[in-house]
There are 2 protein chains.
Amino acid sequence: MTDKDNSVNLKSDGAKAAGAYHHGDLRAAVIAAGLARLQSGDDGELGLRALARDVGVSATALYRHFPDKEALLDALADEGLRRLGALQAQAWLKAGGGIAGFKATGAAYVRFAHDEPALFRLSFTRQMPDRKEGGDGGEVAYNLLRAGVGEALPGVKDPDVAALHAWSLVHGLAMLILDRRIDWDEALVDRVVGLTFGGVD
Amino acid sequence: MTDKDNSVNLKSDGAKAAGAYHHGDLRAAVIAAGLARLQSGDDGELGLRALARDVGVSATALYRHFPDKEALLDALADEGLRRLGALQAQAWLKAGGGIAGFKATGAAYVRFAHDEPALFRLSFTRQMPDRKEGGDGGEVAYNLLRAGVGEALPGVKDPDVAALHAWSLVHGLAMLILDRRIDWDEALVDRVVGLTFGGVD
DNA sequence: GTCATATGTTGTCACTGTAAACATAACGAG
DNA sequence: CTCGTTATGTTTACAGTGACAACATATGAC
């Protein structure tokens, strides 16, 4: 039952984490190597052999911690969502909440996609299986979105539609930038985001 | 110079097309087979060998028509963009232009993504090289977008921002549906699209 | 210490994209 | 028509991939 706990747990709560036999904590090391590989170089070459070599271990050793490559990518994607959520929460707090905070979370979403294109793409381009039990890293981001809609646009008729609208806007903007359909222009992004998030016409 | 003309040209203008030696028109046949494979089955298994077998030809024969697999996928992506543009133009005309037409093009964009998920993803998830000379299939769609902004929202302050806003919205909505972040709900899509495209609050 | 088990290694297999060498069919020139 | 040039397609082969089976080793419980 190696694949029971599917959470990343990069920074465990002092308990020395679970499983530290030969390597220390291979699972976390592999994920860290994967993230490093995703950050440096836009191509993002992550194969099992290369990844294992980064950690200094044989390729098939990874199969003791992930059932297959897809599971490894899932873990990386989950970590990406977790980081995105953290950045958005930070932006929200820094702006002091309210409408300004809501706009800041939207801008942070797009900026994250621009700063870590490979990780962002991996995180979202992954088909979600019905309901994954452990490790839904996007939870923070989604809760922030709903909270932002509620606080920033209190009088809106349909919060569901408004939330989906806001999410679609920033997600589409991020994707179009990632795929080079449009150029990265922070000021332009702010204006586009403000068009919906701020309610300004 | 096999890779000079990079356009699809599935339906040539009667001139029997260029190049019909052994097979008839392998290039078009391969692209047709690829599109068929993208439509049936969400996984979208397209490898050179499988694709060649569909056409009844050896795998390496494809290299006489495409420099590598990437070029083949580029051609498929371009055909996808062309079809999307055609559907949007059709929706625009059917709605009679104006604001209603603009909304219709947005809805058609999302509907296309839902109807042909693999083709849509392939078409947009492809990195654009600086400026591709031949075969920019997305031209129709983009021109429609700008025209729609101009006609449907004549008094808008900044057409560039408004166009990008509209594009981002439908693109993000499409992507979120494709990646199963949200469920397909045509009525919901219409309302979200109308929120921006129609100017309704 | 003994042993069950978690972890890591070696060897191998089917598969992939792709290149080189070879074969064939179409067309133009004489 | 014949001949050679060129466009097209085939065979073979090679390096790389994800994944499995068999084997080896370290760890912790008893």
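Letters go in sequence order (proteins before strands), and every chain restarts at 1.
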Would you mind building the protein contact string for nucleotides 13-18 of chain D? One character per nucleotide, 5' to 3', B for base within reach (heavy atoms under 4.0 Å), S for sugar-phosphate only, - for untouched. B---BB
Let me know the distance between [atom1] of [X] and [atom2] of [N], rounded to the nearest Å.
X	N	atom1	atom2	value
B/Glu45	C/dT16	CD	C1'	12 Å
A/Asp25	C/dG8	CG	C1'	15 Å
A/Leu62	C/dT9	CG	C1'	12 Å
A/Leu26	D/dT27	CG	P	14 Å
A/Phe66	D/dC20	CZ	P	16 Å

Could you tell me whether the phosphate oxygens of C/dG8, OP1 or OP2, come under 4.0 Å of any side-chain nitrogen or oxygen in A/His65? yes
Ion pair present between B/Lys103 and B/Asp190, side-chain N to carboxylate O less than 4.0 angstrom?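 Looking at B/Lys103 and B/Asp190, the cut-off is not met.
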Side-chain (B/Arg146) to main-chain (B/Ala163) donor-acceptor, under 3.5 angstrom: no
Is there a side-chain contact between B/Leu26 and B/Leu62 (heavy atoms, below 4.5 Å)? yes
B/Phe112: partners by ring pair (Phe, Tyr, Trp, His ring centres under 6.0 Å), with sequence neighbours left out: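 With sequence neighbours excluded, B/Phe112 shows a ring pair (Phe, Tyr, Trp, His ring centres under 6.0 Å) to no residue whatsoever.
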Under 3.5 Å, is there a donor on one side chain and an acceptor on the other for B/Trp167 and B/Tyr109? yes
What is the distance from atom CZ of A/Arg53 to atom OG of A/Ser58, rounded to the nearest 0.5 Å?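 One gets 11.0 Å once the value is rounded to the nearest 0.5 Å.
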